[in-house]
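Have a look at the structure below before the remarks.
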2 protein chains.
Amino acid sequence: MPRRSVADALKTRESIVGRARDVASVDGLEGVTIGRLAGDLGMSKAGVIGHFGSKTELQLAALAAAGEIFTREVFGPGQALPAGRGRVLAICDAWVAHVTRPAFPGGCFFTAASFEFDGRPGPVHDEIRRGIRRWRRVLAREIGAAVEAGELDRALDPEQAAFELYAVVMGVNQEVQLFGDRRGGRERGRRAMRRVLGAA
Amino acid sequence: MPRRSVADALKTRESIVGRARDVASVDGLEGVTIGRLAGDLGMSKAGVIGHFGSKTELQLAALAAAGEIFTREVFGPGQALPAGRGRVLAICDAWVAHVTRPAFPGGCFFTAASFEFDGRPGPVHDEIRRGIRRWRRVLAREIGAAVEAGELDRALDPEQAAFELYAVVMGVNQEVQLFGDRRGGRERGRRAMRRVLGAA
DNA sequence: CCTACCGATCGGTAGG
DNA sequence: CCTACCGATCGGTAGG
């Protein structure tokens with residue numbers, strides 16, 4: 001019998017990814033250093049990096065983990081509602097709640113990652129870009145469905161509106177993270193989003 | 001006679017600050033390492049850091065230099081116009097032009113710095129926060145003046161509008177830097193800003 | 001999963 | 001403004 005089962009190894013791997021995701025949300029994906037994770041988790045550096053092979057692979061794993069949380073928390077709740085205005089507003093509210101929640105110390109993972117990696121080519125950059133583009137498309141599609149259903153102003157351009165909603169979230173993020181104003185961020189964000197959608 | 005005059009030393013200092021500002025706009029303020037600047041400028045590390053004493057002081061100098069450029073390029077042009085709607089729109093257009101200009105490889109310095117330092121306490125964080133807050137106040141004041149003059153909708157809340165304009169610029173920055181779409185960013189940005197101001 | 005190690009780079013200093 | 005150096009940390013590897 002091996003000293004560690006496959007299941008144990010997987011659990012260790014998940015604890016590393018979880019910690020990497022949390023560290024990255026505060027200090028950025030470059031703040032995820034192998035030595036720091038090892039110290040935080042009481043492991044050796046070799047034990048940490050052995051699960052991934054390279055720091056880049058570790059960053060990609062943290063990115064994927066953050067993406068799963070985002071999808072579940074922001075996109076998920078609206079799926080209980082039929083496509084249309086109600087679902088779009090549910091997504092917006094869940095999104096603002098996500099970036100203003102008290103237990104999310106570092107703010108929006110993808111927004112921070114976007115600014116951190118926008119000038120650095122490589123697989124992490126590409127994956128961030130892909131994730132954000134995918135989300136913008138989902139948003140535009142949901143907005144388009146609501147317009148089609150006659151539940152949002154027909155003059156609304158879904159892609160422009162998706163762009164503007166994402167911009168608002170970046171503003172909310174700054175309000176929370178830089179200025180420490182969670183309530184102000186939430187209120188300004190919700191107000192701005194409703195104005196974007198013409199749904200005040 | 002000293003080998004280097006005071007004027008020469010000042011010129012050297014300015015070349016260091018200029019390079020630091022450019023490096024930071026691409027790779028962030030933490031990308032400004034003493035060794036890298038020394039290599040870029042053909043100097044020794046001691047020669048670089050001697051002008052500032054610490055990396056933090058160098059970062060603050062780069063921040064101040066970026067602030068001067070921002071004020072000149074974004075706030076400056078509008079000052080030729082009387083306070084009011086025209087000046088607000090001039091500021092908005094200059095701002096979008098600033099973050100979408102081809103010769104600004106790293107995008108908006110302050111937006112990137114805001115995300116980079118929002119979780120790191122210290123003098124650099126404080127200075128970024130102060131600079132952004134000041135700009136938000138200037139924006140709100142200009143919008144307020146235009147509302148007072150009856151040139152913008154009286155229902156407009158100047159502080160909310162300033163928040164939203166800043167958010168739009170972050171979106172433009174992402175469009176340019178992450179997606180490489182300068183023209184799309186400019187068009188979406190100008191359109192969004194006019195909608196924020198109710199001045200389509 | 002560990003110990004022990006590699007070369008490179010970090011911010012910064014001593015001394016000139 | 002330089003050379004020469006400091007201790008710390010970086011990502012990563014060898015060998016077990």
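Throughout, a chain's letter reflects where its sequence line sits, starting with A, and its residues are numbered from 1.
Cluster annotation: A:Val147 is connected to A:Met193 through the hydrophobic network of ILVMFWY side chains, with a link wherever side-chain heavy atoms come within less than 4.5 Å.
Contact check on B:Arg188 versus A:Glu159 returns a salt bridge, with a Lys/Arg side-chain nitrogen under 4.0 Å from an Asp/Glu carboxylate oxygen. With respect to the salt-bridge test (charged N to carboxylate O, under 4.0 angstrom), the residues B:Asp93 and B:Arg194 qualify. Using a 4.0 Å cut-off between charged side-chain N and carboxylate O, B:Arg136 and A:Glu175 make a salt bridge. No salt bridge links A:Glu14 with A:Arg21; every basic N to acidic carboxylate O contact stays at or beyond 4.0 Å.
Taking a pair as Watson-Crick or G-U with both hydrogen-bonding distances under 3.5 Å, the stems of three or more pairs touching DNA chain C are C:1-16 with D:1-16.
Separation of atoms CD1 (A:Ile132) and CZ (A:Arg137) is listed at 13.0 Å; rounding is to 0.5 Å.
The nearest whole Å value for the distance from the NZ atom in B:Lys11 to the P atom in D:dC1 is 11 Å.
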Response to the item:
Protein heavy-atom contacts under 4.0 Å, written 5' to 3' over nucleotides 3-16 of chain C as B (base), S (sugar-phosphate only) or - (none), form the string B------SBBBB--
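For the ring pair (Phe, Tyr, Trp, His ring centres under 6.0 Å) with A:Trp135, the qualifying choice from A:Phe70, A:Phe163, A:Tyr166, A:Phe109 is A:Phe70, the only one to do so.
In the displayed structure, B:Gln79 atom CD is contacted under 6.0 Å by more than 12 heavy atoms of other residues, nucleotides or ligands.
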